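Everything below concerns the one structure shown next.
Note that this is a predicted model, so its numbers are computed, not measured. Throughout, residue positions are numbered sequentially from 1 according to the sequence presented.
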Amino acid sequence: MHISKVNVFNYRLLNQTSVSCEKDLSLIIGKNNCGKTSFLSVLIKCIGNKSEVGNFDFNDFSTLFQKKLYKVVKRESVFQEELTGIRVDFYIEYNENDDLTNISKFMLDLKSQNTIVILRFEYVLKNNLQKLIEQFTKYETDRTTLNSEMAFERFIKKNHKKYFEFIRYSVLYDYRNKKIDNMLFKYLDNKDIDLSKIIAFNYVSARRNVSNATDLELSALASTYYEKSKNQEENNVTTLNFEKK
């Protein structure tokens, strides 16, 4: 059993991003400001520890989403269906040899041909749009000295948790058409889900403050891990190929 793919929508730099994962090891490499940190951050807020999960800030929404939300709230746009919020889909693949005890409650299709379970995490409005429009309209009216966009930014940054909520559910994967069927899903509450039994997630943050000599930087940690692995098996083909490059 392994996570084969993670799709991210409307989170920081990741407006619509799909990351395919290998069974053994996947590396995400890219230049600065391409979304690597954003990807790790959204994983932390979905499957990290209890204090991290669901702890979204309004700045976590992509700039594109923030603009769409403002236009809808100001009635400059009627495309409310675009306001899906932040969404992360985990594709979990399994086979007949896997122990499905911990994942069985998330399975919505018991056909043997379907070997994918989708776990979805969202931070969304969830029927609170009209309430948001009404309360911001009153807020803006009371603060006529601010321009509209500035007023909305102040209001939503302070109050977004009143309108948005973090939800988790499993959703059906249509193996015949190879896509998600959003019409069939099951909400998961805290007693239903123990992600630690399904997804082993740990992370090491990059150290940006190089002046602190007591901090173990990510590069040093990676180097230590490499040397340890290399010493365990000097003639490993992967190690030899890596050193040639």
Side-chain angles (χ1 to χ4, degrees), residues 6-18 35 38-39 41-90 105-106 108 118-172 179-193 195:
V6 181
N7 289 346
V8 183
F9 303 88
N10 298 323
Y11 186 81
R12 297 188 186 178
L13 295 176
L14 310 176
N15 283 310
Q16 187 171 342
T17 301
S18 181
S38 295
F39 184 68
S41 174
V42 78
L43 295 183
I44 291 171
K45 294 190 178 187
C46 288
I47 57 176
N49 62 46
K50 289 184 179 180
S51 64
E52 296 166 327
V53 167
N55 189 22
F56 290 93
D57 184 87
F58 186 73
N59 287 329
D60 288 332
F61 289 104
S62 67
T63 302
L64 180 61
F65 177 84
Q66 292 182 32
K67 291 179 178 178
K68 287 180 180 179
L69 179 61
Y70 172 74
K71 288 183 177 181
V72 169
V73 170
K74 290 292 294 180
R75 304 183 191 276
E76 296 175 8
S77 173
V78 296
F79 298 109
Q80 297 182 14
E81 67 276 6
E82 296 181 3
L83 297 178
T84 53
I86 294 169
R87 191 181 98 202
V88 183
D89 291 336
F90 291 87
K105 64 182 66 178
F106 310 129
L108 301 177
I118 307 292
L119 292 186
R120 176 170 291 176
F121 300 76
E122 290 186 323
Y123 189 57
V124 289
L125 274 167
K126 204 62 180 162
N127 301 321
N128 287 323
L129 179 58
Q130 189 57 40
K131 179 181 176 182
L132 169 58
I133 293 173
E134 292 172 358
Q135 294 186 354
F136 172 66
T137 300
K138 182 179 184 305
Y139 175 90
E140 185 180 21
T141 302
D142 294 340
R143 290 161 179 79
T144 55
T145 57
L146 292 176
N147 69 57
S148 183
E149 289 190 34
M150 184 179 295
F152 181 71
E153 183 178 356
R154 290 188 181 183
F155 176 82
I156 198 64
K157 283 185 176 181
K158 182 179 180 180
N159 298 291
H160 65 94
K161 291 185 178 181
K162 294 180 181 179
Y163 312 106
F164 289 83
E165 58 183 310
F166 180 60
I167 56 176
R168 306 180 289 186
Y169 53 99
S170 59
V171 59
L172 179 68
K179 64 179 183 179
I180 293 177
D181 180 356
N182 291 302
M183 299 303 294
L184 185 58
F185 56 88
K186 175 187 177 184
Y187 286 110
L188 308 172
D189 57 31
N190 291 331
K191 66 181 180 181
D192 286 328
I193 186 168
L195 283 176

(message) Run the side-chain contact (heavy atoms from CB on, under 4.5 Å) test on Leu125 and Leu69 for me, step by step, so that the C-alpha distance in whole Å, both residues' side-chain angles and the decisive distance to 0.1 Å come before the verdict.
(response) CA-CA 10 Å; Leu125 274 167; Leu69 179 61; 4.1 Å; yes

(request) Would you please test Phe90 and Phe121 for side-chain contact (heavy atoms from CB on, under 4.5 Å) and show each step? (result) CA-CA 8 Å; Phe90 291 87; Phe121 300 76; 3.4 Å; yes

(request) Starting from the C-alpha separation in whole Å, work towards a yes-or-no answer on side-chain contact (heavy atoms from CB on, under 4.5 Å) for Arg75 and Ile133. (result) CA-CA 9 Å; Arg75 304 183 191 276; Ile133 293 173; 3.2 Å; yes

(request) List the steps and the verdict of side-chain contact (heavy atoms from CB on, under 4.5 Å) for Phe136 and Lys74. (result) CA-CA 9 Å; Phe136 172 66; Lys74 290 292 294 180; 3.9 Å; yes

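Looking at heavy atoms from C-beta onward, Val53 lies out of side-chain contact with Lys45 at the 4.5 angstrom threshold. Residues Phe39 and Thr17 fail the side-chain proximity criterion, which asks for heavy atoms closer than 4.5 Å. Using a 4.5 Å heavy-atom cutoff, the side chains of Phe58 and Glu153 are not in contact. When side chains are defined from C-beta on, Ile86 does not count as touching Phe65, because their heavy atoms never get closer than 4.5 Å. In this structure, Ile156 and Leu132 have side chains that are in contact, with non-hydrogen atoms separated by less than 4.5 Å. Residues Ile180 and Phe185 are not in side-chain contact: their nearest non-hydrogen atoms beyond the backbone lie 4.5 Å or more apart. Two residues are said to be in side-chain contact when any heavy atoms from C-beta on lie closer than 4.5 Å; Ile44 and Asn55 fail this criterion. Between Phe155 and Gln135, some side-chain heavy-atom pair lies under the 4.5 Å cut-off.
With a 6.0 Å radius and a threshold of 12 heavy atoms from other residues, nucleotides or ligands, Arg154 has its CZ atom at or below the threshold. Counting heavy-atom neighbours within 6.0 Å of Gln16 CD, excluding the residue itself, gives a total of 12 or less.
No hydrogens or angles considered: nothing links the side chains of Asn128 and Lys131 as a donor-acceptor pair under 3.5 Å. Side-chain polar atoms of Tyr11 and Ser41 form a donor-acceptor pair below 3.5 angstrom.
Cation-pi geometry between Arg87 and Phe9 is satisfied (NZ or CZ under 6.0 Å from the ring centre, within 45° of the ring normal).
Scanning all heavy atoms of the two residues, the minimum distance from Cys46 to Val88 falls at SG-CG2, 3.8 Å. A pairwise comparison of heavy atoms in Asn7 and Ser18 identifies OD1-OG, 2.7 Å as the closest pair. Taking each heavy atom of Gln66 and Phe61 in turn, the nearest pair found is NE2-O, 3.0 Å. Of all heavy-atom pairs spanning Leu13 and Gly35, the tightest one is CD1-N, 3.7 Å.
For the atom pair Asp60 CG and Asn10 CG, the distance stands at 12.0 Å (nearest 0.5 Å). Distance check, rounded to the nearest 0.5 Å: CD of Glu140 to CD of Glu149 gives 10.5 Å. Distance check, rounded to the nearest 0.5 Å: CG of Asp57 to NZ of Lys157 gives 7.5 Å. The distance from the CG atom of Leu108 to the OG atom of Ser170 is 4.0 Å, given to the nearest 0.5 Å.
Applying the side chain to side chain contact (heavy atoms under 4.5 Å, CB included) criterion to Glu165, with sequence neighbours excluded, gives Lys126, Ile167. Every ring pair (Phe, Tyr, Trp, His ring centres under 6.0 Å) that Tyr70 has, sequence neighbours left out, goes to Phe152. In this view, Asn127 satisfies the side-chain hydrogen bond (donor to acceptor under 3.5 Å, both in side chains) rule with no residue, not counting sequence neighbours.
Screening Arg168, Arg120, Lys179 for a salt bridge (charged side-chain N to carboxylate O under 4.0 Å, His left out) with Asp89, the sole residue that qualifies is Arg120.
Annotation: Phe166 is not in aromatic contact with Tyr123 [ring centroid separation under 6.0 Å not met].
A distance-only check finds a donor-acceptor pair linking the side chain of Asn49 to the backbone of Glu52 [under 3.5 Å]. Not a single donor-acceptor pair under 3.5 Å links the side chain of Asp181 to the backbone N or O of Leu172.
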